[in-house]
Amino acid sequence: MTLDFPVIFLLPTNLGADELHELEEQIPTLTYDINEAEVILGNVHRKQRVLFELRKHKLVTEEISTTETDEPTSPSLKRRRFQTPGSVITEDSDTASDGDFHPLLTQSTQSTLKAAPTTVKVVKLAWFTESLKAGTVLPIEDYTLYRGRKQQSKPAKLQQASPAKAANIIKRALADPKPSSHGSRPGSSHSTTSHGRRDHFITKAPALLHMTTSEHEVELPPIPAYLHTTYACQRPAPTHPPNEPFIEELTKIRTARTLLGDKIGVRAYSSAIAALISYPYLLQSAFEVARLPGCGLKIAQLYQEFREQGELQEAKEDESDPRLAVLKLFHEIWGVAETTAREFYNKGWRDLDDIIEYGWDTLTRVQQIGVKYYDEFQQKIPRAEVESIANIILEHANKIHPGFQMVIVGGYRRGKLASGDVDVVLSHPDKAATRGFVEQIVVALEQSNYITHTLILSTANTERGQEPVAWKGNEKKSGTGFDTLDKALVVWQDPHWTTGEKKNPNPHRRVDIIISPWKTAGCAVLGWTSGTTFQRDLRRYCKKERSLKFDSSGIRSRADGTWVDFESGPNGEPAPDMLTAERRVFEGLGLEWRPPEERCTG
DNA sequence: CAGTAG
DNA sequence: AGGCCTTACTG
DNA sequence: GCCT
């Protein structure tokens with residue numbers, strides 16, 4: 001039987017991932033929108049913590065004293081607030097500045113507004129668990145930590161307003177509860193499969209909604225479950241998200257931050273971009289943006305500007321900034337990052353010819369290679385050529401030692417039509433085959449004239465015997481630090497051509513050859529397939545949620561440093577292949593497996 | 001040591 | 001207020 | 001810039 005619970009929002013704080021997941025399954029009236037909640041359930045015990053959580057979720061309430069009754073605020077009171085003279089927020093009028101205003105949306109909004117509770121209780125977790133045990137909904141008072149009255153309900157939409165004014169509105173509004181309504185895009189039916197119950201949401205006030213809705217049942221917009229995590233590795237990230245144009249503008253700003261050396265800004269924009277990539281609907285309002293993980297006031301304001309202007313002033317200025325253009329050029333040289341790009345600029349250099357003429361001898365070896373093949377490295381590599389290069393590598397590998405398996409990783413595996421470089425992971429069930437192999441394969445490919453230069457050759461894993469040795473944060477120098485894989489970052493050129501030219505017309509390509517011992521091949525494939533933000537969040541997730549240390553050469557416990565094997569089978573038998581191993585790593589980490597095409601976090 | 005790479 | 005992924009290789 |  002189902003108990004008659006109020007609408008519940010669950011605070012993830014102080015809950016393990018498993019615990020959280022289990023509770024989510026158990027709560028029949030779970031909402032992922034805190035504004036819809038009548039009860040906020042949390043593994044918290046002090047009022048101070050409650051207040052912190054409410055702030056965190058951008059839910060502003062005023063406390064109801066314990067003697068006061070908690071009758072809902074009358075709707076007319078709310079309405080009056082919005083219709084204060086001079087305010088540009090209205091609850092029920094919309095000038096449809098976005099052109100595709102849909103009356104049904106407003107009706108939904110109004111229904112939701114009327115149904116949205118005006119008071120909320122924050123309750124200890126025990127109330128729910130003990131109610132389940134008792135088979136009845138226990139009196140809530142004994143477990144209530146806090147009762148609050150929501151200070152304001154939600155404006156439906158913004159009227160057209162000057163950007164400055166609109167920004168102010170957003171600023172104020174963001175301090176208030178988020179809207180429980182936003183534009184849904186029935187057309188963009190993502191076939192994503194995240195938490196299985198991803199589209200669970202509470203459709204409030206069905207009576208009202210149904211009265212005013214015609215035969216088309218327009219669902220209230222689902223708030224995908226995966227948008228309630230800050231970890232990009234828990235969300236599907238498609239190649240071409242609905243909000244790509246806005247995301248492109250944000251990416252311009254991020255690029256500028258990169259060039260200026262603003263690492264934290266880069267991280268912030270990357271997080272916001274990753275969340276927006278995962279958002280499966282066309283955005284309708286700034287509030288919708290602010291509710292996304294990694295997106296706050298600033299990103300919401302930028303969205304507002306984008307919606308009104310079709311572009312972002314900051315992005316535009318960055319693009320027309322001559323200094324940034326030069327820094328960008330230099331930064332695109334392989335072996336040059338932001339510090340050196342600025343250094344070059346400060347020497348007065350403005351293009352590659354300046355570097356060659358005035359600074360050639362000051363460049364490192366790899367930077368010289370980067371300059372020499374600048375144009376060719378800028379060329380994208382078509383999928384067919386990626387496959388061709390990879391197959392040549394695999395053939396050479398098997399000539400040295402039959403039985404190698406290979407996965408083409410990187411952007412190719414994520415489905416990109418053209419890649420910046422070629423990344424392959426090679427492994428072999430026989431440990432003896434992978435030990436010292438990276439040097440052998442490089443030599444073989446040099447002798448076949450495919451590899452023209454070796455930029456970096458890393459043999460650290462081989463040197464430590466390919467063993468995932470126990471790790472302790474402090475005792476690293478000992479040479480037994482368990483970490484990176486053997487790899488070769490090389491320059492590649494197909495030595496065969498038929499056009500009769502004297503000079504080889506084939507472009508030079510960047511190729512990364514990664515060698516993994518079999519028992520960590522799943523980690524290697526996982527680590528080298530995903531976008532940067534996915535990777536970063538995967539490590540952060542392992543650290544914060546699992547007390548594990550992930551890297552592409554293995555997983556260890558942070559408690560005692562011991563190696564954690566998710567890849568072997570139940571009886572310790574090795575994984576049958578590298579892709580199975582990768583799936584087992586997802587599973588072992590408590591993450592849902594995702595096809596590589598959904599790991600495009602940017 | 002600072003800088004760079006994926 | 002402090003954290004934000006990670007560490008080996010290069011010069 | 002956002003989260004805890």
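First the proteins, then the strands, lettered A, B, ... as listed; each starts at 1.
Residue Thr532(A) is out of contact with every strand shown, counting any heavy-atom pair closer than 4.0 Å. No engagement by Val366(A) is indicated, since no non-hydrogen atom pair under 4.0 Å with the nucleic acid exists. Residue Ser458(A) is in sugar-phosphate contact alone, with no base atom involved, counting any heavy-atom pair closer than 4.0 Å across all strands shown. Within 4.0 Å of Asp512(A), counting heavy atoms only, lie sugar-phosphate atoms of the nucleic acid but no base atom. In this structure, Lys543(A) reaches the sugar-phosphate backbone alone: every heavy-atom distance under 4.0 Å involves primed, P, OP1 or OP2 atoms, never a base. Looking at heavy-atom distances under 4.0 Å, Gly294(A) makes contact with sugar-phosphate atoms alone, never a base. Nucleic acid contact for Ile299(A): sugar-phosphate only, since backbone atoms but no base atoms lie under 4.0 Å from a heavy atom of the residue.
The phosphate of dT4(B) has OP1 or OP2 within less than 4.0 Å of a side-chain N or O from Thr340(A). For dT10(C), neither phosphate oxygen OP1 nor OP2 lies less than 4.0 angstrom from any side-chain nitrogen or oxygen of Trp334(A). OP1 and OP2 of dT4(D) both lie 4.0 Å or more from every side-chain N or O belonging to Arg540(A). Neither OP1 nor OP2 of dT4(D) sits under 4.0 Å from any side-chain N or O of Lys544(A). Taking 4.0 angstrom as the limit, Arg510(A) places a side-chain polar atom (N or O) nearer than this to OP1 or OP2 of dG6(B). The shortest distance between the side-chain N/O atoms of Lys487(A) and the OP1/OP2 oxygens of dA5(B) is not below 4.0 Å.
Salt bridge annotation for Lys316(A)-Asp318(A): absent, with no cationic side-chain nitrogen under 4.0 angstrom from a carboxylate oxygen.
Counting to the nearest Å, the P atom of dT10(C) and the CZ atom of Arg365(A) are 8 Å from each other. Atom CZ in Arg254(A) sits about 20 Å away from atom P in dC4(C), given to the nearest Å.
Here CG of Leu125(A) is found 5.0 Å from CG of Leu41(A). Values are rounded to the nearest 0.5 Å.
Annotation: dC4(C) and dG6(B) have their P atoms spaced 23 Å apart (nearest Å).
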